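Numbered from 1 within each chain, the chains take letters A, B, ... in sequence-line order. This one's a predicted model, so the numbers in the text were calculated from it and none came from an experiment. Side chains included, hydrogens not; waters and symmetry mates left out as well; all remaining heavy atoms used.
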Protein chains: 2
Amino acid sequence: MDITQTAGAPAGDTALDCAEFSAVLERFVSAWRRFSVPGELSSTAAFTLGRLVRDGSSRLTELATLEHVSQPAMTQLVSRLEAQGLAERFSDPGDARVANVRVTTAGQALVERRRAARAARLTQLFSTLPPAQQAALAAALPALDALADASAR
Amino acid sequence: MDITQTAGAPAGDTALDCAEFSAVLERFVSAWRRFSVPGELSSTAAFTLGRLVRDGSSRLTELATLEHVSQPAMTQLVSRLEAQGLAERFSDPGDARVANVRVTTAGQALVERRRAARAARLTQLFSTLPPAQQAALAAALPALDALADASAR
DNA sequence: TATTGTTATACTCTATAACTATA
DNA sequence: TATAGTTATAGAGTATAACAATA
């Protein structure tokens with residue numbers, strides 16, 4: 001880590017920090033829900049498509065597991081995405097039973113458009129923070145990234 | 001408006017920071033979805049109940065607006081919560097048309113149980129971070145709080 | 001006449017169970 | 001026989017439109 005060692009946070013604060021941090025996250029997730037465009041994509045569809053862009057193609061069953069929906073639900077979701085031209089199935093060279101799924105160019109463009117809109121909104125909100133808080137947030141970004149990484153598992 | 005002159009954070013980094021920060025948030029929200037207990041409460045039910053605990057009682061239409069669902073959907077959701085003993089309607093002294101909604105003791109207990117479970121999980125993840133990142137995160141908590149506050153509006 | 005909330009109806013998304021195809 | 005995925009059917013949650021009650 002290239003972050004300078006800070007000797008200012010006693011270990012005893014950890015539990016309390018996390019309850020408050022969790023409360024902050026709850027409000028972020030709540031705000032996230034409100035920000036999503038209504039008629040465009042279902043919640044699971046948006047996250048599945050985002051995952052395909054982020055992590056590359058994946059097997060249908062793996063997507064179902066990762067998004068915590070049943071296999072039939074993912075079958076239908078992928079079919080919907082395919083009908084919308086946002087994703088497509090492709091066969092596995094080693095196992096004919098497998099349905100691999102990848103995002104299309106149109107799907108990637110949609111994900112990027114949505115991400116850009118969120119980033120723009122966040123940039124706007126960020127700019128209203130006092131400089132010291134902006135700096136604190138920038139310094140915590142690697143930690144947030146590591147934590148999000150750990151959460152995904 | 002506060003001063004935009006920053007001594008420590010170059011303005012050129014802001015846009016990039018926010019794109020990355022937004023990506024981090026996307027992964028947090030995705031992980032949040034996976035963590036929620038399946039058969040217990042619907043997503044909107046959980047957020048509505050959490051809001052009632054956090055911000056106190058509210059009018060039905062206001063809840064519908066805040067959660068971005070239609071008025072009939074909120075009517076039915078409140079009825080469901082009422083049937084489960086988690087929330088209850090109460091009349092408005094000044095306007096007989098209004099349906100005010102508040103959380104019950106059981107509803108509050110449920111919300112707190114879920115929050116405690118999330119905080120415990122977060123504490124566990126947090127403990128795996130190196131001390132420098134833990135400190136950076138603790139230092140950024142007020143900024144995250146302010147940002148979540150701004151996001152809610 | 002406008003506002004607050006409910007009822008009626010239809011649609012989307014999801015789960016479970018039964019099925020097909022491949023290993 | 002086990003695994004990957006699909007099809008069949010039913011239920012939960014939501015939206016729009018029409019309605020009732022109060023302001």
Side-chain angles (χ1 to χ4, degrees), chain A residues 29-30 33-52 57-102 110, chain B residues 29-30 32-52 57-102 107 110:
Chain A
V29 179
S30 180
R33 282 162 48 84
R34 296 182 55 187
F35 186 63
S36 57
V37 183
E40 204 167 31
L41 279 179
S42 79
S43 177
T44 307
F47 281 105
T48 301
L49 217 50
R51 182 183 298 280
L52 287 172
S57 68
S58 177
R59 290 168 48 153
L60 192 143
T61 299
E62 192 187 356
L63 286 176
T65 302
L66 291 168
E67 296 301 331
H68 270 42
V69 297
S70 67
Q71 206 176 53
M74 187 53 70
T75 289
Q76 291 179 30
L77 170 54
V78 169
S79 298
R80 256 179 282 141
L81 290 174
E82 226 168 8
Q84 293 174 279
L86 301 174
E88 57 191 7
R89 289 176 170 85
F90 65 101
S91 55
D92 193 297
D95 188 339
R97 295 170 303 178
V98 170
N100 283 304
V101 185
R102 67 177 157 229
L110 177 59
Chain B
V29 178
S30 180
W32 185 284
R33 281 162 48 85
R34 295 182 56 186
F35 186 63
S36 57
V37 183
E40 204 168 30
L41 279 179
S42 77
S43 177
T44 307
F47 281 105
T48 301
L49 217 51
R51 182 183 297 280
L52 287 171
S57 67
S58 177
R59 290 170 47 157
L60 192 143
T61 299
E62 193 186 357
L63 286 176
T65 303
L66 290 168
E67 296 300 331
H68 270 43
V69 296
S70 68
Q71 207 175 52
M74 187 51 71
T75 289
Q76 292 180 29
L77 170 52
V78 169
S79 299
R80 256 178 283 142
L81 291 173
E82 225 168 9
Q84 293 174 279
L86 301 173
E88 56 192 6
R89 289 176 169 86
F90 64 102
S91 56
D92 193 296
D95 188 339
R97 295 171 302 178
V98 169
N100 283 303
V101 184
R102 68 177 155 228
L110 177 59

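- Judged as a salt bridge (charged side-chain N to carboxylate O under 4.0 Å, His left out), and not counting sequence neighbours, D92(A) has no contacts.
- Going from atom CG of N100(A) over to atom C1' of dT3(D) covers 15 Å, rounded to whole Å.
- To the nearest angstrom, C1' of dA12(D) lies 16 Å from CD of E40(B).
- Proximity of R80(B) to the phosphate of dG13(D): a side-chain N or O atom is located under 4.0 Å from OP1 or OP2.
- Taking CE from M74(B) and OG1 from T61(B), the interatomic distance works out to 9.5 Å, rounded to the nearest 0.5 Å.
- If you take CZ of R97(A) and C1' of dT6(D), they are 14 Å apart, rounded to a whole angstrom.
- Not one side-chain nitrogen or oxygen of T61(A) sits closer than 4.0 Å to the OP1 or OP2 atom of dA4(D).
- In this structure, L86(B) and L49(B) approach most closely via the heavy-atom pair O-CD1, 3.9 Å.
- Taking S91(B) as the reference, nothing meets the side-chain hydrogen bond (donor to acceptor under 3.5 Å, both in side chains) condition, with sequence neighbours excluded.
- Closest-nucleotide positions on DNA chain D for A45(B) and T75(A) were compared, and the one nearer the 5' end corresponds to T75(A).
- Taking CD from E62(A) and CD from Q71(A), the interatomic distance works out to 12.5 Å, rounded to the nearest 0.5 Å.
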Item checked: CA sep, side-chain torsions, deciding dist, call: S30(A), R51(B), side-chain contact (heavy atoms from CB on, under 4.5 Å) -> CA-CA 9 Å; S30(A) 180; R51(B) 182 183 297 280; 3.6 Å; yes
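- Rounding to whole angstrom units, CG of residue L63(A) and P of dA4(D) are separated by 14 Å.
- Within residues 65-74 of chain A, the residues having any heavy atom closer than 4.0 Å to DNA chain D are, in order of number, Q71(A), P72(A).
- Closest-nucleotide positions on DNA chain C for D95(A) and L77(A) were compared, and the one nearer the 5' end corresponds to L77(A).
- Interatomic distance, OG1 of T44(A) versus CD of Q76(A), reported as 12.0 Å (0.5 Å rounding).
- Contact check for L63(A) versus L52(A): side-chain heavy atoms found under the 4.5 Å cut-off.
- Among pairs with a residue in residues 71-86 of chain A, those fulfilling salt bridge (Lys or Arg N to Asp or Glu O under 4.0 Å) read E82(A)-R89(A), at least two apart in sequence or across chains.
- Residues from residues 81-94 of chain B lying near DNA chain D, meaning a heavy-atom separation below 4.0 Å, are absent.
- Residues V29(A) and F47(B) come closest through the heavy atom pair CG1-CZ, 3.5 Å.
- Within the 4.0 angstrom heavy-atom criterion, only backbone atoms of the sugar-phosphate kind lie near T44(A); the bases stay farther away.
- Of all nucleotides in DNA chain C, those with any atom nearer than 4.0 Å to a heavy atom of chain A start and finish, going 5' to 3', at dC13(C) to dA23(C).
- The distance from the OG1 atom of T48(A) to the CG atom of L66(A) is 9.0 Å, given to the nearest 0.5 Å.
- Taking atom CZ of R59(A) as the reference point, atom P of dA4(D) lies 5 Å away to the nearest angstrom.
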